[in-house]
Number of protein chains: 2
Amino acid sequence: MDDLALPLKAIADPVRLQILEFLHAPVASCCSRGDGVCGCDFEQLLGLSQPTVSHHMKLLVDAGLVRAEKRGRWVYYDLEPAAFAAIADRLARFAHAPRRVAT
Amino acid sequence: MDDLALPLKAIADPVRLQILEFLHAPVASCCSRGDGVCGCDFEQLLGLSQPTVSHHMKLLVDAGLVRAEKRGRWVYYDLEPAAFAAIADRLARFAHAPRRVAT
DNA sequence: TCGATGTATCGATGAGCGTCTATGCGAGTG
DNA sequence: CACTCGCATAGACGCTCATCGATACATCGA
């Protein structure tokens with residue numbers, strides 16, 4: 001119920017949605033390797049400053065939606081599929097309404 | 001992509017999540033009838049003022065998540081199952097990552 | 001060891017949002 | 001018709017958040 005608000009708030013932002021889309025299907029990258037996306041790519045992709053990108057990444061990681069792995073000087077990001085599956089399930093419940101009015 | 005932000009922002013709030021939960025499985029109501037929930041019920045359920053409740057309802061309706069039907073003096077609210085199914089599908093995509101890095 | 005580079009943190013600022021009180025509108029009820 | 005009641009709107013206040021520049025930290029290469 002309430003724990004849904006945290007990850008949903010993290011997703012409910014155009015910038016972070018774009019980040020998730022890119023993590024889901026990455027395109028060109030300066031130092032990505034196929035098993036993760038380098039953080040420096042987002043700076044150019046989103047047209048935002050580096051601190052802002054770092055801020056959004058922290059939110060996504062704290063919400064459990066994205067996994068961050070530090071490899072040497074870079075940080076590689078990847079989606080956390082289980083988190084999205086859980087949220088999707090919770091929302092799908094509203095699509096199958098029991099609609100019984102108790103007294 | 002971006003059209004997801006609007007409904008997600010509407011859901012990503014503890015108060016509105018509680019409203020959705022109640023619409024999904026209503027309990028006691030002063031004037032509900034089984035095919036919708038009277039707006040006056042939320043005021044007491046949420047412990048918020050009437051204008052605040054009206055504000056949240058407007059957000060949910062504008063996001064296409066809730067349907068409002070005016071019957072006489074009251075307004076009855078109901079979930080819009082298709083909207084939640086669509087959002088759940090979009091989020092479920094992130095749980096099934098293609099993970100192909102194009103150049 | 002020193003400089004370069006990627007990232008995180010700090011402080012400030014401006015916009016957006018949730019909440020309230022006060023008020024207006026519409027529809028029943030006496 | 002006048003009054004009541006449910007709901008919507010307007011304006012204001014406080015808080016959160018997205019964003020930036022400046023700076024600190026960490027790691028790699030020369």
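A quick note: this is a predicted structure, and the numbers were derived from the prediction, not measured. Numbered from 1 within each chain, the chains take letters A, B, ... in sequence-line order.
The distance between atom CH2 of A/Trp74 and atom P of C/dA8, rounded to the nearest whole Å, is 14 Å. The distance from atom NZ of B/Lys9 to atom P of C/dG18 is 8 Å, rounded to the nearest whole Å. In this structure, the CZ atom of A/Phe42 is 18 Å from the C1' atom of D/dA18, given to the nearest Å. Atoms CG (B/Leu60) and P (C/dC17) sit 14 Å apart, rounded to a whole Å. Atoms OH (A/Tyr76) and P (D/dT27) sit 15 Å apart, rounded to a whole Å. Atoms CG (A/Asp62) and P (C/dA8) sit 11 Å apart, rounded to a whole Å. Following rounding to the nearest Å, A/Asp41 (CG) and C/dG6 (P) show an atom-to-atom distance of 11 Å. With rounding to whole Å, B/Gln44 atom CD is found 15 Å from D/dG6 atom C1'.
Across every non-hydrogen atom of B/Ala68 and B/Tyr77, the tightest pair is CB-CE2, 3.7 Å.
Within a 6.0 Å sphere centred on CD of A/Gln50, heavy atoms belonging to other residues, nucleotides or ligands number more than 12.
Heavy atoms of A/Leu46 sit nowhere under 4.0 angstrom from any nucleic acid atom.
The backbone N or O of B/Val15 sits nowhere less than 3.5 Å from a side-chain atom of B/His56 that would complete a donor-acceptor pair.
A/Phe42 places a side-chain heavy atom less than 4.5 Å from the side chain of A/Met57. Side-chain atoms of A/His24 and A/Leu79, non-hydrogen and from C-beta on, do get closer than 4.5 Å to each other.
Overall, the helix from C/dT1-D/dA30 to C/dG30-D/dC1 carries an axis bend of 20° between its ends, with five pairs at each end and the value rounded to 10°.
Partners of B/Ala83 under the side chain to side chain contact (heavy atoms under 4.5 Å, CB included) rule, at least two apart in sequence or in another chain, are B/Leu65, B/Glu80.
Checking each of B/Asp62, B/Leu59, B/Ile87 against B/Pro7 for a side-chain contact (heavy atoms from CB on, under 4.5 Å) leaves exactly one that passes, namely B/Ile87. Applying side-chain contact (heavy atoms from CB on, under 4.5 Å) to A/Arg16 and the options A/Val66, A/Leu60, A/Leu46 leaves one that passes, A/Leu60.
The phosphate of C/dT7 has neither OP1 nor OP2 within less than 4.0 Å of any side-chain N or O from A/Lys58. Here A/Ser54 does not reach the OP1 or OP2 of C/dT7: none of its side-chain N or O atoms lies under 4.0 Å away.
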Quiz item: If the sugar-phosphate is the primed atoms plus P, OP1 and OP2 and the base is the rest, what is the B/S/- string for nucleotides 19-30 of chain C, using protein heavy atoms under 4.0 Å?
Solution: BBBB----SS--
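With values rounded to the nearest 0.5 angstrom, A/Leu8 atom CG is found 13.0 Å from A/Asp13 atom CG.
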